[in-house]
Asks: 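First the structure, which I've put down as structure tokens, then a few questions once you've had a look.
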Amino acid sequence: MNMMVKTQNYWIGGLLIVCISGSIYVNPQKWIRTLSLNFIVVGFLIAWVMLNRNTNLTTIANQQGTVIEAKPSYAIIKINHQKYYLSNFQLKLLLDQRVIINAKVEALTKSHYFVFPFDNYLNDQRVFKQLKDVQLTNQSWHYLRYYFYEKVFNFANHELVQVFLFNIRDKSQTFQKQLEHLNVGYLLNFNSLSIWGLWTLFSKIGFISKHKKALNLMFGLFWIWWYFLNCSWLLMRFLIKATLKNQPKLKSWSNFASFWVPCLIFPSYVGSRGFLYFVICYLFIKLFNQQSSKLMLIGVFLIPLKIYYDYQINLTAPIWDFILVPILLTTNLLTTVIVICGNNQQWLNYLSIWLVHLFKIVKWLSYSFNLGYQNLYGVILIYLVLLIWFSYHWKWKHHFFWLALVISIYLLNWLLKPQHHLEMLNVGNGNSFVYFNKYKNLTILFDCGVGKGFSTQIPTQYLRYLGVNKVDAIFISHNHQDHFNALENLQRNFQIKAIYYRDTTIEELTFKNVTIRVFSNPVAKSENNKSLTIFVDVNKVRLLFTGDIEKASETYFIENLNFVNYLKQRPVDILQIPHHGSKTSSSYEFIKLVNPKIALISGMVYQRLRFPDQQTISTLNFLRISYYVTAGVNNIRIALNSGYIQTL
């Protein structure tokens with residue numbers, strides 16, 4: 001079974017335990033009925049997850065398909081009851097669009113283990129394949145929501161209107177990008193609660209509240225809006241609860257149905273980030289039971305979840321949560337009023353500019369630092385501690401005990417993390433190598449570039465995963481984009497003490513327990529051959545990074561006495577194979593001279609580039625040198641204390 005399917009089963013099982021415990025706590029008289037219903041519903045959820053249908057097709061020719069999810073960056077299309085992922089940057093597909101499609105079928109691209117697992121997210125929705133080389137032809141008619149969104153994109157061409165009225169998300173847009181940088185983007189998950197505000201407002205109007213037909217009409221309009229907004233889980237929950245509460249015979253079922261019915265209809269949402277934020281908020285709101293002084297702490301209880309997902313803690317986040325929620329709801333209301341009053345673009349721009357300046361001030365006043373990856377079991381343990389801590393009234397001295405216990409869990413998690421390693425990041429046909437020593441608080445990057453088709457955020461995301469806040473040094477071997485195009489993101493997110501380029505005059509440097517010796521070819525003509533060639537001595541281990549040097553520079557180093565003598569002082573344990581394993585590099589003579597125990601190749605087959613070349617592989621095999629290739633899939637981690645190698 002797919003690993004993410006297993007993970008989702010664990011989430012559902014854990015959710016069942018929480019719901020049963022909560023139901024018994026809230027309504028102990030009817031716990032047997034609640035227990036039975038919970039088991040039935042969770043059984044349906046697990047059955048849905050187990051029904052994984054896959055396909056062995058390699059091509060699709062002249063097949064009819066319907067777009068069932070459309071985002072600015074991607075779309076999901078259903079063809080003969082199978083779902084497929086495809087990029088939507090160029091196609092601009094809309095929800096419910098019907099097309100004739102021709103395409104190649106490939107497996108989903110594996111996500112990096114230290115970023116949001118987008119492939120697992122798609123697997124949860126039973127999407128296991130992607131379409132490439134897509135050719136589309138529109139059919140003569142489409143389903144209803146296609147025409148709705150076609151009009152929306154013609155009418156709602158302002159970001160605020162798209163976000164607040166039509167729930168269209170695009171993190172590349174200014175407003176949403178700022179929310180993500182502040183790590184409060186999850187607040188938009190509660191965006192549909194503005195419907196709750198409208199419902200509350202209308203229900204206070206005497207004419208509507210006294211006439212059942214008027215209430216039913218309003219509910220009908222809200223349900224239609226829910227359908228056109230592509231079925232928001234949170235909005236559906238509110239509408240079910242409000243609808244059942246309006247029916248005296250069904251009122252007692254409103255809490256149960258409003259939670260489990262959306263879970264049955266959207267089982268892939270169970271365990272998602274937005275779902276867990278909602279569950280944590282709901283759980284602690286029920287626990288505090290209208291205690292206003294404690295309800296103000298809801299933002300504090302979200303911090304462990306934020307750390308788990310974002311790898312960092314923002315010490316001011318609870319304050320901003322408390323301030324920004326009413327601001328976003330007010331913005332939602334103002335945007336709605338502006339659209340109703342004629343969709344004045346100038347007013348929307350004024351509102352947008354005000355928000356931009358507000359978030360700049362919030363960012364300036366915020367303080368955050370990276371804590372890195374947190375073990376899931378540790379997060380669950382922290383929430384159990386918080387539940388016990390805030391369920392009872394304790395003396396002040398006992399509060400210090402519970403706080404110390406939470407800090408101890410985080411400290412234990414830090415102690416269990418990898419402590420000393422080199423990692424070759426999967427960046428396609430680029431180079432990004434990270435040396436990390438936890439106890440020395442030392443981080444050094446050797447190149448920080450990515451190849452075509454890979455995000456320049458990858459090195460930044462990896463360092464956040466490790467919990468790095470400052471980088472001691474970055475060495476840029478030469479001036480090609482695939483070796484430094486992630487530098488700008490790194491500079492924006494980390495304190496970088498030193499950057500060394502190929503034209504920097506350096507020979508030997510020492511960073512705590514690391515000694516670095518730099519060689520270069522002064523007579524080289526091409527940019528590749530000008531690459532820095534760097535020896536790195538760490539305790540008893542020697543590394544050699546070669547950038548993109550080609551056979552001309554390899555010959556130069558073979559004949560250079562300083563290079564050869566330095567090489568003879570200590571054998572090389574790990575060699576970065578030059579130029580992604582290209583046949584223009586890695587001559588037999590050079591590889592034999594270096595004679596490493598392990599060779600690392602950062603490269604893959606991509607379009608016309610076919611790295612590593614078979615000639616390079618043959619040389620390594622002939623010399624009996626173990627080698628590891630990223631191949632567009634793998635991150636390679638070598639523990640420098642034990643020599644243990646992981647493919648992640």
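All residue numbers in this chain count up from 1 along the given sequence. Computed from a predicted structure; not experimentally measured.
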Asks: Are side-chain N/O atoms of Tyr644 and His421 paired as donor and acceptor at under 3.5 Å?
Replies: no
Asks: Answer yes or no: is there a donor N or O on one side and an acceptor on the other, between the side chain of Asn493 and the main chain of Asn489, under 3.5 Å?
Replies: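 Pair found, side chain donor or acceptor close to backbone of Asn489.
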Asks: Hey, does the side chain of Asn123 reach the backbone of Arg126 with a donor-acceptor pair shorter than 3.5 angstrom?
Replies: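 Checking the backbone N and O of Arg126 against the side chain of Asn123, no donor-acceptor pair under 3.5 Å is found.
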Asks: Working to the nearest 0.5 angstrom, can you tell me the gap between Asn426 CG and Thr630 OG1?
Replies: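 Reported value, rounded in 0.5 Å steps: 5.0 Å.
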Asks: Determine whether Lys438 and Leu466 satisfy the following criterion, side-chain contact (heavy atoms from CB on, under 4.5 Å), listing intermediate values before the conclusion.
Replies: CA-CA 9 Å; Lys438 180 173 68 177; Leu466 290 180; over 6 Å; no
Asks: Which atoms form the tightest heavy-atom contact between Lys440 and Lys512, and what is the distance?
Replies: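 Looking at all heavy atoms of both residues, the closest pair is O-NZ, 2.6 Å.
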Asks: If only side-chain N and O atoms count, and only distance matters, is there a donor-acceptor pair under 3.5 Å linking Thr109 with Gln130?
Replies: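 Yes, side-chain donor-acceptor contact under 3.5 Å.
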Asks: Just by distance, do the side chain of Trp394 and the backbone of Trp389 share a donor-acceptor pair under 3.5 Å?
Replies: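 Looks like yes, one N/O pair under 3.5 Å.
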Asks: Please step through side-chain contact (heavy atoms from CB on, under 4.5 Å) for the pair Gln495 and Val471, ending with a clear verdict.
Replies: CA-CA 6 Å; Gln495 174 195 356; Val471 176; over 6 Å; no
Asks: Taking all non-hydrogen atoms of both residues into account, name the closest pair between Phe259 and Phe275 and its distance.
Replies: CZ-CZ, 3.8 Å
Asks: Does the ring of Trp320 carry Lys363 above it, NZ/CZ under 6.0 angstrom from centre and within 45° of its axis?
Replies: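 Relative to the ring axis of Trp320, which defines the angle, Lys363 lies outside at least one limit.
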Asks: Is the closest basic N to carboxylate O distance between Asp310 and Arg273 below 4.0 Å?
Replies: yes
